[in-house]
There are 2 protein chains.
Amino acid sequence: MLFHSFIYLLSIVLFWMKAENKHSKIISAATKVFAKKGFFTARISDIAKEAKVADGTIYLYFNNKYDILLSVFEEEVGKIVENTENLLIAEADPHKQLEIFVTQHLMAMKKNRHLAEVIQIELRQTHKVIKEYRDNKFSKYTGIIAEIIKNGQLAGIFRLDIKPDLAKRAFFGALDEISRVWNSSLETNYSVEEITAQMLSIFLTGIQTTPSTFPEQVFFLPSQP
Amino acid sequence: MLFHSFIYLLSIVLFWMKAENKHSKIISAATKVFAKKGFFTARISDIAKEAKVADGTIYLYFNNKYDILLSVFEEEVGKIVENTENLLIAEADPHKQLEIFVTQHLMAMKKNRHLAEVIQIELRQTHKVIKEYRDNKFSKYTGIIAEIIKNGQLAGIFRLDIKPDLAKRAFFGALDEISRVWNSSLETNYSVEEITAQMLSIFLTGIQTTPSTFPEQVFFLPSQP
DNA sequence: ATTACATGAATGAATGACCATTCATGCTTT
DNA sequence: AAAGCATGAATGGTCATTCATTCATGTAAT
């Protein structure tokens, strides 16, 4: 009886592993193919071939082509978000938190170099329904940056005239664009450490040698019309 | 005789204007449609309808769908590049040059809010042949930023440890991401001046209150909620 | 001035290629 | 033997592109 239960459970686990295997095999094949050909020019048969699976099999695990893209995005980005959030909780210093964010992002992109491109594709594809969904998911990610900045402002470490809303976009955009070219370009590759250092250097202290001399520096902005 | 020549030339000019009108009508219709639906989901018939022209007419002015996208990109971005370069020549101060770059970019995007999205789409499309072409065209644009930074470094205004290659991507990426959301979001819209001020503020002096203290000075904060 | 003819721009219905999705069939596992 | 996973050829719908035809304008002839 006990034995039977065991076998039963085992079979469930095996079944699950197998299914999960095929599921994730398709996910990673799709990531690869989407990154290489772009969502629209990627054919289902390409993904199937890459995953060593029949075309029809894909439809046992996903509803349609778009669902695959969505899953790639959700699962892979979800991992990053979760990962990053966990690391951030353990760290109180906003400086360090920014550093962690950058490092995490870059490492994730390096680990899965196709992912950066898929994020780009997904992020830019405009499909109302999905956009809303994605926006929630994604603004959570960029929202992390805004939170860090706000905390830094409360702590008096970051300047109060910086608008977290804008700064988070600037920060994410910078990181995203760097990742994009990082993968695909044949130029000298910078290391994660180098990029992190530069990013923090730029965003924390700016590129000027003498910060106080720039006359246009504005600490209090006029309210908008 | 003279009169005939005149009439002849006039007719050529009129013909050219007419053709040019249709050409640019299609271009701007395409910009609109591509921005709204994305390149792949945009149908030629959509563009035709938007331009108030028959489907077939489009093929009198463009070779194929991709050619339209390419033309949109080339013509519109070309204008910006040229415009910006002209303004920069007249200004020697790297600070001001950066300001001009930001302002120009934002104003261009504001003027033609669909363009920002098309650039996004185009920039992320992976199609070998076009990618190379686009890269040349586009790296010219980002190259401007790198040049400004290098000049600033030579002049001792910008820090020497900043890598222009990375900084230009960070700068462009930030600007690009801000433009992207700026257009499509329903959030409070910032003005060109505000965004410019923030961008310069961030990139020139950083977001820190006390630039020189990182990483020595560490603040201990209560952990976030 | 009017009519006839020529040109080529514009049209949009028809074509055909492409590919996501389905499903009848075979295969494996229990 | 039953259940259900996997297969990949067949289906059907969607456009990009084409091209026979129309239409407008300009030119020549009477």
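Letters go in sequence order (proteins before strands), and every chain restarts at 1. Owing to the predicted nature of the structure, the values given are computational and were not obtained by experimental measurement.
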Starting at [atom1] of [X] and ending at [atom2] of [N], how long is that distance when rounded to a whole Å?
| X | N | atom1 | atom2 | answer |
| --- | --- | --- | --- | --- |
| A/Lys49 | C/dC19 | NZ | P | 12 Å |
| B/Asp46 | D/dA16 | CG | C1' | 12 Å |
| A/Ile58 | C/dC19 | CD1 | P | 15 Å |
| A/His23 | D/dC5 | NE2 | C1' | 17 Å |
| B/Leu60 | D/dT17 | CG | P | 14 Å |
| B/Lys52 | C/dA10 | NZ | P | 16 Å |

Checklist line | cation_pi(B/Lys163, A/Tyr190) dist<6.0 Å, angle<=45 | finding: no
Next item on the list: Would you tell me if any nitrogen or oxygen in the side chain of A/Tyr61 comes within less than 4.0 Å of OP1 or OP2 on D/dA6?
Entry: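 For D/dA6, OP1 or OP2 has a side-chain N or O of A/Tyr61 closer than 4.0 Å.
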Next item on the list: Could you check B/Ile47, B/Asn21, B/Leu60, B/Val72 and say which one makes a side chain to side chain contact (heavy atoms under 4.5 Å, CB included) with B/Ile26?
Entry: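 Output: one option passes, namely B/Ile47.
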Notebook entry, point to check: What one-letter contact string describes nucleotides 20-25 of chain C from 5' to 3', where B marks a base within less than 4.0 Å of any protein heavy atom, S marks contact via sugar-phosphate atoms alone, and - marks no contact?
Noted result: SBB---
So [Y] and [X], do their side chains get closer than 4.5 Å, heavy atoms only?
| X | Y | value |
| --- | --- | --- |
| B/Phe62 | B/Leu70 | no |
| B/Ile148 | B/Leu88 | yes |
| A/Phe172 | A/Tyr141 | yes |

Notebook entry, point to check: With distance as the sole test, does A/Glu50 use its side chain to make a donor-acceptor pair with the main-chain N or O of A/Lys32 at under 3.5 Å?
Noted result: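 Not a single qualifying donor-acceptor pair exists.
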